[in-house]
Amino acid sequence: MQIKDLAINEGKIVTLQGWVSNKREGKGIAFVILRDGSGFCQCIVAAENIGEENFEQVKKLGLESAISVTGKVVRDEKQIGGYEIHVSELFVYQSVSDYPIQKKEHGVEFLMDHRHLWLRSQRQWAIMKIRNTIIFAIHNFFQKEGFVQADAPLFTANACEGTTNLFETDFYGQPAYLSQSGQLYGEAMAMALGKIYTFGPTFRAEKSKTRRHLSEFWMIEPEMAFYDLFQNMDLIEQFLQYVVKEVIDKSSEELSILGRDVEVLKKSSSPFVRLTYTEAVDIIQAKKAVNGRTTIETLEQDLNNAETQLRRVMEEIIDRENKVATPGMKKGEVNFNLAKIAQLKNEAKDLEEELRNIPNWLNSAKNFQYGSDFGGSDETVLTRLFDVPVMVYDWPHEVKAFYLKRNPEDERFARGVDVLAPEGYGEIVGGGERETDEQKLRSKIIEHELPMHEFEWYLDLRRFGSVPHSGFGLGLERLVAWVCKLNHVRETIPFPRMYGRIAP
RNA sequence: UCCUCAGUAGCUCAGCUGGUUAGAGCACUUGACUGUUAAUCAGGGGGUCACUGGUUCGAGCCCAGUCUGGGGAGCCA
């Protein structure tokens, strides 16, 4: 019996096995929040029902003690799952008294050091469940569209886009690299199977310490024969809309645990914005307005909002500090205010950071050089104007990968597309139409100073039945972060590997 | 690699212009309370102030270096 099935067992006597995720107690009664991996459920344990001796055991149970309970399922609207258990029997597998993670805020480093235990907490549980929903939806989408899942190798001999950001390993005495993308292999598989997608881990040795980067992350890379850039973009849009809708339908409880505003997420069911690079630059540089507002006006407005908000938060902090200092205040109320003050201080920190950032964004928007790639701030500036994902295509070919096809009507541009998620999440998808012409590819490989002999097998794909084809890569963790509205990708994967972090 | 912020009790933090014996809450522990949602009340134990060196009569506080972590740039999904 699992907690998720309580609803269909209302009024019955059931047995649950799990862990104590929280406990409150009064004389002769204890409220145990049990978790079993499938959900959370409050169990009412009364001394008169289970006996004094057994109740003494319950009083000693610390967080994460392992128990089983037997009792009646009773409807209670106030509870998370909607039900509670009136316990008649309780068995203790292990009584724990010193669980490290407490019912209060912890710092990032402490939590990451205890990631193996942190995963048990309600928020992390909700994120992992949503990650699972997303993974399942991805497979469902591609399978129903007739794609074949076909994985690319993880060991590669060629440092396909430069060696600096690859992890080097020893492959029977030969240097080998952990794959940073399965795309070239994906193209080979698409020529064999028509439409394929890879789904696997990918490795980048970038020494990046930001909320968007992991050293090991999961990437989904579809590749489709006979798809041009625009069919590719249509597919990306349908795909993302399907996945988001599945999460809204199947993981609404988890989204509400995370406090995610589903209405904002639902907006992505509208058509995505499609801009050429040139149009996007005009918007970033504020030469073009969107819905009557330019980026600069929007940013200035945001700056003002952040300032007034910060002022309000600071006032509330002072207010509550005065309250705490008032003599004769009850301890409980003091604690409540202290907790609130700590929370407000964090809010103030975030706002201060935003206040520092916005002027930088303004500056970089004003000074954006046509022809260069977008930085994180340019993406933020652009996506702030829209509430659906933005697809930017037709990039200056110099800033994009060697394998992208040129726009036949204007050779300055390559047919790449980046999908920028709303709410500041930046690039979640990068893709495009591939170059089909062997000679053009050869000159690009030379231009990028890549070892030609490592690409001969890839060039075979252009020698034998070369056809228009396209594909894209989706960063799973970035998608999860956006859907859950998390401020860091490290919470989207069970055991993140990132610069400076390889344990636990 | 660069910029920037931080490191004080198991955890989250305070510690004024450098000045006596280092502070709070939580957690833990002892006792009281039958419906709680981080939230009752009273008592108790708990410290190499990241490390190394320097300035000073005196350093948690000032200076230099090192280490670790947060955020960002570059690079990217």
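Chain naming here is simple, since letters A, B, ... match the order of the sequence lines and numbering starts at 1 in each. All figures in this text were calculated on a predicted structure; none of them were measured in a lab.
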Rounded distance (Å) that lies between atom C1' of rC76(B) and atom CZ of F167(A): 13 Å
Interatomic distance where CG belongs to L63(A) and P belongs to rC28(B) [whole Å]: 7 Å
Ion pair E64(A)/R120(A), N-O distance below 4.0 Å: yes
Quiz item: Q102(A) side-chain donor-acceptor pair to rG10(B) base, under 3.5 Å: yes
Touch class at under 4.0 angstrom, heavy-atom based, for I428(A) against every strand present: sugar-phosphate
Gap between atoms OH and C1', on Y99(A) and rC11(B) respectively (whole Å): 13 Å
Rounded C1' spacing from rA27(B) to rA9(B) in Å: 11 Å
Touch class at under 4.0 angstrom, heavy-atom based, for E48(A) against every strand present: base
Euclidean distance for P, rG53(B) against rU1(B) (whole angstrom): 26 Å
Who pairs with rA64(B) - Watson-Crick or G-U, where each distance is under 3.5 Å: rU52(B)
Base-pairing mate for rC16(B) - Watson-Crick or G-U, with both contacts under 3.5 Å: none
Out of rC76(B), rA39(B), rG71(B), whichever nucleotide has its closest atom nearest the side chain of K103(A): rA39(B)
rG72(B) OP1/OP2 closer than 4.0 Å to side-chain N/O of R211(A): yes
Between rA73(B) and rG15(B) - C1' atom distance, rounded Å: 35 Å
Watson-Crick or G-U wobble mate for rC2(B), both contacts under 3.5 Å: rG72(B)
Nucleotide nearest V108(A) (side chain, heavy atoms from C-beta), chosen from rC76(B), rG70(B), rA77(B): rG70(B)
R212(A) side-chain N/O to rA73(B) phosphate OP1/OP2 under 4.0 Å: yes
Earlier contact from the 5' end, RNA chain B, for G500(A) and E379(A): G500(A)
Below 4.0 Å: OP1/OP2 of rG74(B) and any side-chain N or O of K207(A): no
Residue R24(A), side-chain atoms from C-beta onward, closest of rC76(B), rA77(B), rU37(B): rU37(B)
Pair D378(A), S364(A): side-chain N/O donor-acceptor within cut-off below 3.5 Å: yes
Short side-chain donor-acceptor distance under 3.5 Å, Q124(A) and E491(A): yes
Length of the NE2-P vector between H114(A) and rA27(B), whole Å: 17 Å
F110(A) and H106(A) aromatic ring geometry - parallel, tilted or perpendicular at 30°/60° bounds: parallel
T210(A), nearest nucleotide to its side chain (from rU36(B), rG70(B), rA73(B)): rA73(B)
Any N/O donor-acceptor pair, S208(A) side-chain to rC75(B) base, under 3.5 Å: yes
Candidate nucleotides rG70(B), rA38(B), rG35(B), ranked by approach to the side chain of R490(A) - the nearest: rG70(B)
Separation of the P atoms in rC11(B) and rG54(B), to the nearest angstrom: 30 Å
E52(A) CD to rU34(B) C1', straight-line distance once rounded to whole Å: 12 Å
Pair K485(A) + E423(A): basic N to acidic O under 4.0 Å: yes
Rounded distance (Å) that lies between atom C1' of rG72(B) and atom CD of E206(A): 15 Å
Distance in angstrom units between N360(A) CG and rA73(B) C1', rounded: 10 Å
Touch class at under 4.0 angstrom, heavy-atom based, for G62(A) against every strand present: nothing
Side chain of I29(A) - closest among rA77(B), rU34(B), rA38(B): rU34(B)
Comparing E84(A) and G475(A) on RNA chain B - which has the more 5′ nearest nucleotide: E84(A)
Closest listed nucleotide, where the reference is the side chain of S97(A) and the choices are rU29(B), rG70(B), rA77(B): rU29(B)
E109(A) (side chain) and rU68(B) (base): donor-acceptor pair under 3.5 Å: no
Span that lies between the C1' atom of rG58(B) and that of rU40(B), in whole angstrom: 46 Å
Geometric class of the F455(A)/F402(A) ring pair [parallel <30°, tilted 30-60°, perpendicular >60°]: perpendicular
Pair H139(A)-Y197(A), side-chain hydrogen bond (donor to acceptor under 3.5 Å, both in side chains): steps then yes or no: CA-CA 9 Å; H139(A) 281 293; Y197(A) 66 108; 2.7 Å; yes
F31(A)-rG35(B) aromatic stacking (under 5.5 Å, under 30°): no
Nucleotide opposite rG25(B) in a Watson-Crick or G-U pair, distances under 3.5 Å: rC11(B)
Check: Y277(A) side chain, G371(A) main-chain N or O, donor-acceptor pair, under 3.5 Å: yes
Whole-Å distance separating the NE2 atom of H106(A) from the C1' atom of rC26(B): 9 Å
Touch class at under 4.0 angstrom, heavy-atom based, for L479(A) against every strand present: nothing
